[in-house]
Amino acid sequence: MLVLLGVLAAPARAPEASPWERLADATAPPEQVWTYRPEEGGLRSALLAGGKLVVSTTHGLVGLDPASGAQRWSHALAWPRCTSDGEALVCVPRGSTVLDLDPATGATVAEQTVADAQLAARQGEDLYVITDDGSLELHRLTAEEQVWSTRLAEPTLAITHGTQLAVIAGTVLTDWSSVADQPTYAAAAALDAETGESVGSADDPVLVHQVAPGVWTATTTTTGSRYLREEESPVPIDPAARSVGYDEDWQGTDDLRTGPDGNVAVFDTTSDSWRWQTDGPGIALARLDGVLVGLGFEPVPHLQAQDTATGELLWQHEHTTGECPCLADERTLVLVTSSVTAGEQGFTVDLPRLTALDARTGAVLWQLDELTSTPQVLTDGEHLIVITPQSITGFRLG
């Protein structure tokens with residue numbers, strides 16, 4: 001049952017944050033400036049909104065200055081979950097309340113009661129909210145009226161980039177749960193924001209990936225779309241590009257596609273022909289400076305880079321895995337790497353490290369200390385913010 005009370009409409013604010021995590025200068029080792037650990041309770045997630053780092057803990061919200069780590073505000077709430085388009089901030093504490101907050105001050109801008117609310121995102125006057133009264137549902141609400149709803153499967157516990165629900169390019173995207181009539185292993189959903197119609201089907205379920213705070217992809221086995229915070233419509237992609245976490249050539253004419261050997265290759269849409277189509281990476285991670293960086297698996301796991309125009313192998317790091325989050329300046333790629341050691345019973349993967357590589361030469365410019373798990377990494381362009389389950393650390397770049 002859905003109950004609405006006392007709605008105060010929040011003014012729509014256009015997002016200003018870049019969808020890709022672009023850095024001003026990542027060549028020099030970053031300087032650690034601050035560390036944040038909650039005084040009580042545990043860290044849940046963190047996101048950038050309106051120039052502030054909004055941290056969710058089990059006991060409430062805290063607004064931090066990304067440069068200094070100084071606390072600008074706090075808001076006592078029970079187990080809040082928040083979403084943001086880079087500017088607006090929508091949070092749902094435990095209960096039945098959806099709060100629009102000012103990320104600069106933490107003040108409540110609007111409050112809406114939605115029974116059994118779990119997570120919400122706003123797009124203009126529309127509120128998209130996931131509820132759970134024993135049956136999980138996603139609703140579109142305009143003022144006090146429900147426009148549509150769809151049943152979801154049981155939620156996944158994964159948390160990526162601090163946001164599990166977004167409305168981008170006319171599409172509602174979530175990696176909280178899948179649509180109920182699709183296999184639950186998909187654990188994600190993409191729906192038309194206007195109609196609630198789902199992308200994908202039971203026979204060809206959609207796989208949704210949040211590859212950066214403002215970038216999502218939704219792919220089936222044959223088709224795909226990329227959703228960028230600054231774009232009005234989805235951008236068609238091949239499923240081979242689903243995992244790319246940084247792509248400065250996303251508006252270009254070279255498409256990443258699956259080549260005849262099953263690996264990622266490059267197709268020139270202008271000439272309608274392959275630039276190259278074999279020996280590419282198994283998983284594409286990033287494109288910058290005319291280079292495609294990806295992960296290969298044969299004969300051992302390795303990072304590799306190829307010239308996007310010719311397919312020439314530029315470098316290869318054996319016994320090294322890589323994954324996003326991916327951030328970059330013009331020539332430097334920052335990603336998470338781990339060393340891989342071969343043993344009698346397979347490969348052992350060491351603890352991850354945040355690593356900066358020269359995209360064209362593969363030279364390691366710097367590495368941070370080992371982490372206990374793959375971190376969440378955010379940036380305002382001049383600072384790196386590294387989030388782990390235990391703490392948040394701010395670094396100054398340049």
Side-chain angles (χ1 to χ4, degrees), residues 7-22 33-34 36 38-39 41 43-94 97-112 114 117-129 159-168 173 210 212-216 228-230 325 376-387 392-394:
V7 177
L8 173 63
R13 287 181 286 181
E16 299 176 357
S18 171
W20 301 107
E21 296 212 278
R22 182 63 184 262
V33 178
W34 57 268
Y36 171 82
E39 294 181 0
L43 288 173
R44 302 200 69 206
S45 64
L47 51 81
L48 286 169
K52 294 294 185 289
L53 179 67
V54 179
V55 180
S56 172
T57 75
T58 53
H59 292 281
L61 299 174
V62 177
L64 304 179
D65 184 298
S68 65
Q71 181 174 311
R72 301 306 186 194
W73 55 266
S74 62
H75 203 316
L77 296 168
W79 293 79
R81 296 187 179 100
C82 298
T83 67
S84 176
D85 62 2
E87 288 296 317
L89 178 64
V90 180
C91 296
V92 179
R94 179 176 287 171
T97 304
V98 178
L99 301 173
D100 290 85
L101 302 178
D102 181 349
T105 64
T108 300
V109 178
E111 183 172 335
Q112 182 167 332
V114 182
Q118 302 294 310
L119 188 66
R122 187 177 293 282
Q123 178 69 27
E125 298 301 317
D126 292 329
L127 183 71
Y128 298 85
V129 57
I159 296 179
T160 58
H161 301 292
T163 295
Q164 290 185 284
L165 181 68
V167 186
I168 302 176
L173 301 146
Q210 187 183 8
V215 185
W216 296 61
L228 297 105
R229 188 178 281 162
E230 297 178 340
Q376 175 189 348
V377 184
L378 301 173
T379 185
D380 61 358
E382 298 180 349
H383 302 87
L384 280 181
I385 301 165
V386 180
I387 300 107
I392 302 176
T393 306

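The shortest side-chain heavy-atom distance between P213 and L47 does not fall under the 4.5 Å cut-off. Between V377 and I387, every side-chain heavy-atom pair lies at or beyond the 4.5 Å cut-off. Looking at heavy atoms from C-beta onward, L43 lies in side-chain contact with I392 at the 4.5 angstrom threshold. Using a 4.5 Å heavy-atom threshold, the side chains of Y36 and T393 count as separate. In this structure the side chain of D100 never reaches within 4.5 angstrom of the side chain of L89, judged on heavy atoms. Using a 4.5 Å heavy-atom cutoff, the side chains of Y128 and R122 are not in contact. Proximity of H75 to L101: side-chain heavy atoms (C-beta onward) are separated by under 4.5 Å at one or more points. Side-chain atoms of L48 and P66, non-hydrogen and from C-beta on, do get closer than 4.5 Å to each other.
R94 meets the side-chain contact (heavy atoms from CB on, under 4.5 Å) test with A78, W79; sequence neighbours excluded. Taking H59 as the reference, E40, T57 meet the side-chain contact (heavy atoms from CB on, under 4.5 Å) condition, with sequence neighbours excluded. With sequence neighbours left out, the side-chain hydrogen bond (donor to acceptor under 3.5 Å, both in side chains) criterion links D126 to R140, T142. Applying the side-chain contact (heavy atoms from CB on, under 4.5 Å) rule to A120 yields the partners V90, V92, V98, L127, V129; only residues at least two apart in sequence or on another chain are considered.
Between T83 and L165, the shortest heavy-atom contact is CG2-O, 3.5 Å. Closest non-hydrogen pair, A49 versus S84, comes out as CB-OG, 3.3 Å. Contact detail for A46 and Q376: the closest heavy-atom pair is O-NE2, 2.6 Å. The two residues T379 and G381 have their closest heavy-atom pair at OG1-N, 2.9 Å.
Pairs engaging residues 62-76 under the salt bridge (Lys or Arg N to Asp or Glu O under 4.0 Å) rule: D65-R72 [sequence neighbours left out]. Applying the salt bridge (Lys or Arg N to Asp or Glu O under 4.0 Å) test to residues at least two apart or on different chains, none of the pairs has a partner in residues 45-56.
When atom types are taken as modelled, the side chain of R229 and the backbone of D85 share a donor-acceptor pair closer than 3.5 angstrom.
For the atom pair CH2 (W34) and CD (Q71), the distance works out to 11.5 Å, reported to the nearest 0.5 Å. Atom NE2 in H383 sits 12.0 Å away from atom CG in L53 (nearest 0.5 Å). How far CG of L77 is from SG of C82: 8.0 Å, rounded to the nearest 0.5 Å. Atom CD of residue Q164 and atom CG of residue L173 lie 13.0 Å apart, to the nearest 0.5 angstrom.
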